[in-house]
Number of protein chains: 2
Amino acid sequence: MSPYDPSAFPPFAVTVDLVVLTVRHHALCALAVRRGEPPYQGRWALPGGFVRADEDLSQAAARELAEETGLRAQSGAHLEQLATYGDPHRDPRMRVVSVAHLVLAPDLPAPRAGGDARSARWAPVGSLLEQDGFDTAGEAAPLAFDHARILADGVERARSKIEYSSLATAFCPPEFTVGELRRVYEAVWGVALDPRNFHRKVTGTVGFLVPTGGTTTRQGGRPAQLFQAGGAALLNPPMLRPEV
Amino acid sequence: MSPYDPSAFPPFAVTVDLVVLTVRHHALCALAVRRGEPPYQGRWALPGGFVRADEDLSQAAARELAEETGLRAQSGAHLEQLATYGDPHRDPRMRVVSVAHLVLAPDLPAPRAGGDARSARWAPVGSLLEQDGFDTAGEAAPLAFDHARILADGVERARSKIEYSSLATAFCPPEFTVGELRRVYEAVWGVALDPRNFHRKVTGTVGFLVPTGGTTTRQGGRPAQLFQAGGAALLNPPMLRPEV
DNA sequence: GCTGTTTATCGTCAGGCAGACGACTATGAT
DNA sequence: ATCATAGTCGTCTGCCTGACGATAAACAGC
């Protein structure tokens, strides 16, 4: 057999799509870009693009992230592979397999539109997902392609991952207070947490938080101690997400 | 822009690779096939193959599973997507992106060699991974391609997933005893568990196990009650994996 | 039948952790 | 000065787990 027999396999296009999450105004938000060309022209979609011939998947995701947001995966943000979507008809033009990646970022300045996107914005995930599948009257339409499904999977991954890992700190600036971290959990899970029990839990988990010595009064009220993320990646025992 | 512009993106081959795990003789084993053609001819590899033009990824995985093992994903076995591997040089012939899937199956009769594989066997994951990356003297070589990495990721997924889900029952026949289920946990985690605490835990978790009424004495000793998997998918609170 | 071995199953107890919630502290606003 | 807001420290109770004793029901060998 020849070392390269293109007739032996069908050709695919491979893309990366990004679920970029942040917490803004006490709400979990995702980055959405408006499509400038068909199909789904004018509809909101997740940022993404083709993987280049000499690129690894994670490199492609980091490149797209930088192009769309100016964000570097190194600086605070967290990037991980999410899942791969390959329904034969997910793109009407051709056979496209998309390797979705999940990015958790601190609250950023306004996103900059880049690449082939007309514009970009942060949108609360609730509003992006609520009409999921129901195209009421053709307007306020849901995300393009299967991006609602991808976004939902990314949100669910984030919700479960902050339970047993220290990833919630990826939503925070380099220095943050216990209250700010609690508001991250509250926004991602959509619940209210007891400030006293939360404080006991996060300050009692070794390696989760390291005090920097400073204090801040950003949120009003009594000044709060400032922390930065500690070395621990896994929380043991985990944070417990309240039922319902 | 034309609806299909092949020059706009590099063509990829897309494959599915399978990490098929089972518990045999108190050891976690993976299905390995011997490669019948270059590259890596004669080396062990994970089963897998090209995704067809009209196939979804999970369909392709189920088809490959049936071809290699005669196993249907419906009947007891569990199949889920694991991760996607797309290093530009992971296959020396061409650009291949592989969507790995994880299969958890009960102990099966001898695997049947199918497809283009010369032979297939169950191998303890320890022996497949121990020389991971070290090609000592060129023999007893590790798995082909990046399959050692894929297998390691699959094993780690299985180890963590039986903590908080009822998936350990996928390693068991339709009816099983608490002791058999405990030996599954012990084999997957590589630890010894206290039979009394394990029994209390699994029988006390609602929806995990449903007694069938029968008993068996397969393992010797006092007859044990038979159970089948209950409806619950998630264990709450989870099984705790002892620290090393 | 009796004894030892094996596996299953039930109970007990102490320690750790989480939820509920009271109390106090330190800021800014009025 | 008083209030509102947010942060921090404690207490108490109940649940769950790990350690481990004790009993039950089969089989093997004498």
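Letters go in sequence order (proteins before strands), and every chain restarts at 1. Note that these values count all heavy atoms, side chains included, but never hydrogens, waters or copies made by symmetry.
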Q | Side-chain N,O (A:Arg200) to OP1/OP2 (C:dG19) below 4.0 Å | A | no

Q) Is the shortest side-chain N/O distance from B:His199 to OP1 or OP2 of C:dT9 below 4.0 Å? A) yes

Q: Verify, without hydrogens or angle tests, whether B:Arg159 (side chain) and B:Val188 (backbone) share a donor-acceptor contact under 3.5 angstrom.
A: yes

Q | Backbone of A:Leu31 reached by a side-chain donor or acceptor of A:Arg121 within 3.5 Å | A |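 The answer is no, because no donor-acceptor pair under 3.5 Å joins these two groups.
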
**Q.** Sub-4.5 Å side-chain heavy-atom contact between B:Gln219 and B:Glu180
**A.**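 B:Gln219 vs B:Glu180: side chains touch.
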
Taking atom [atom2] of [N] as reference, at what distance in whole Å does atom [atom1] of [X] sit?
{"X": "B:Leu193", "N": "D:dC20", "atom1": "CG", "atom2": "C1'", "value": "16 Å"}
{"X": "A:His26", "N": "D:dA6", "atom1": "NE2", "atom2": "C1'", "value": "12 Å"}
{"X": "A:Asn236", "N": "C:dG16", "atom1": "CG", "atom2": "C1'", "value": "13 Å"}
{"X": "A:Phe227", "N": "D:dT8", "atom1": "CZ", "atom2": "P", "value": "6 Å"}
{"X": "B:Glu243", "N": "D:dT17", "atom1": "CD", "atom2": "P", "value": "14 Å"}
{"X": "A:Arg218", "N": "D:dG7", "atom1": "CZ", "atom2": "C1'", "value": "14 Å"}
{"X": "A:Leu209", "N": "D:dT8", "atom1": "CG", "atom2": "P", "value": "11 Å"}
{"X": "A:Leu181", "N": "D:dA6", "atom1": "CG", "atom2": "C1'", "value": "15 Å"}

Q) With nearest nucleotides of DNA chain C determined for A:Thr217 and A:Asn197 from heavy-atom distances, which residue corresponds to the more 5′ nucleotide? A) A:Asn197

Q) For the rings on A:Phe198 and A:Tyr185, is their centre-to-centre separation under 6.0 Å? A) yes

Q. Can a donor-acceptor pair under 3.5 Å be found between the side-chain atoms of A:Arg196 and the base atoms of C:dG19?
A.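 There is none.
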
Q: Return yes if the base of C:dA8 and the side-chain atoms of B:Arg222 contain a donor-acceptor N/O pair under 3.5 Å, otherwise no.
A: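 Such a pair is found, so the answer is yes.
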
Q: On DNA chain D, check which nucleotide each of B:Lys201 and B:Asp194 is closest to and give me the residue with the more 5' one.
A: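 On the 5' side of the pair lies B:Lys201.
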
Q) Between A:Asp153 and A:Arg149, is there a side-chain N and carboxylate O pair less than 4.0 Å apart? A) yes

(Q) As a test of reading the structure: which of D:dT8, C:dA8, C:dA18 is closest to the side chain of A:Leu240, going by heavy atoms? (A) C:dA18

Q. Which of the following nucleotides, D:dC16, C:dT7, C:dA18, is nearest to the side chain of B:Gln219?
A.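 Between D:dC16, C:dT7, C:dA18, the one nearest the side chain of B:Gln219 would be C:dT7.
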
